Amino acid sequence: YWPYGSEGCQTHGFQGFMTALASLHFIAAIAWDRYHQYCTSKLTPRGTKLQWSSAISLAAFVWMFAAFWAAMPLIGWGEYDYEPLRTCCTLDYSKGDRNYVSYLIPMSIFNMGIQVFVVLSSYQSIAQKFKKTGNPRIAPILAKTSPTFNPLLYALGNENYRGGIWRLLTGEKIDVPQTDNKSK
């Protein structure tokens with residue numbers, strides 16, 4: 001069971017969600033940087049690297065943006081709660097009320113949808129450029145996109161998350177087998 005009480009649950013949920021969101025944003029930032037490096041400069045075949053000051057600014061923005069979205073459940077938009085086994089805390093995906101839906105939709109768009117678009121379009125542009133130049137570097141580039149698929153695989157593999165998405169999209173509830181969460 002979770003030994004740190006409700007406040008500890010809120011802190012753990014915030015920290016875990018903020019770092020997960022930052023991870024997604026950094027994957028998109030890396031993809032954009034690779035696009036910028038390989039596709040934007042016509043003067044050199046390898047393009048231009050991101051300046052150090054720009055990289056620091058980008059990293060600061062990523063952490064602040066992730067902290068903003070992770071803090072929203074702390075002030076009442078969304079909610080952190082115990083996971084089904086009550087061993088740690090995360091966003092409460094079991095809620096289907098207006099507050100939860102109004103948080104989940106923009107959070108998903110700004111923290112997953114845009115990132116997936118940036119990653120896919122950046123690497124597609126890089127692949128097209130290398131195809132035109134006859135320099136096949138597609139395999140290493142695709143290997144670097146693999147972390148992008150983790151959230152999608154998690155969403156499809158987690159029964160509670162998948163059930164929440166299904167309920168959001170269709171309004172129907174999927175019965176998920178529950179385990180006994182009471183500590184002895």
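Computed from a predicted model, the values in this text were never measured in an experiment.
Residues that satisfy the ring pair (Phe, Tyr, Trp, His ring centres under 6.0 Å) test with Phe117, not counting sequence neighbours, are absent from this structure. Ala29 meets the side-chain contact (heavy atoms from CB on, under 4.5 Å) test with Leu58; sequence neighbours excluded. Partners of Ser125 according to the side-chain contact (heavy atoms from CB on, under 4.5 Å) rule, which considers only residues two or more places apart in sequence or in another chain, are Tyr35, Cys39. Applying the ring pair (Phe, Tyr, Trp, His ring centres under 6.0 Å) rule to Phe61 yields the partners Phe65; only residues at least two apart in sequence or on another chain are considered. The side-chain contact (heavy atoms from CB on, under 4.5 Å) test applied to Ala28 returns Gln115, Val118, Val119, not counting sequence neighbours. Scanning for side-chain hydrogen bond (donor to acceptor under 3.5 Å, both in side chains) contacts around Ser53 gives an empty result, with sequence neighbours left out. By the salt bridge (charged side-chain N to carboxylate O under 4.0 Å, His left out) test, Asp81 is found to be paired with no residue, residues two or more places apart in sequence or in another chain being considered.
Counting all heavy atoms, side chain and backbone alike, Ala22 lies closest to Trp63 at CB-CZ3, 3.5 Å. Here the closest heavy-atom approach between residue Met18 and residue Ala66 is recorded as O-CB, 3.6 Å. Heavy atoms only, all atoms of each residue included: Ala70 and Leu74 are closest at O-CG, 4.4 Å.
Within the structure, no pair that satisfies the side-chain hydrogen bond (donor to acceptor under 3.5 Å, both in side chains) test touches residues 8-22, not counting sequence neighbours. Evaluation of the salt bridge (charged side-chain N to carboxylate O under 4.0 Å, His left out) test over residues 52-80, restricted to residues two or more places apart or in two chains, returns Glu79-Lys95. Among pairs with a residue in residues 69-78, those fulfilling side-chain hydrogen bond (donor to acceptor under 3.5 Å, both in side chains) read Trp77-Ser102, at least two apart in sequence or across chains. Sorted pairs that involve residues 102-125 and meet salt bridge (charged side-chain N to carboxylate O under 4.0 Å, His left out), not counting sequence neighbours, are lacking altogether.
Note that the OH atom of Tyr123 and the CD atom of Gln128 stand 15.0 Å from one another [nearest 0.5 Å]. Taking OG1 from Thr90 and CZ from Phe14, the interatomic distance works out to 13.0 Å, rounded to the nearest 0.5 Å. Interatomic distance, Met72 CE to Tyr80 OH, rounded to the nearest 0.5 Å: 9.5 Å. Here the straight-line distance linking atom OG of Ser122 with atom CD1 of Ile30 works out to 11.5 Å at 0.5 Å rounding. One finds the NE2 atom of His25 at 16.0 Å from the CH2 atom of Trp32 (value rounded to the nearest 0.5 Å).
Phe68 and Met64 are assigned to two separate hydrophobic clusters, defined by single-linkage of ILVMFWY side chains at heavy-atom distances under 4.5 Å.
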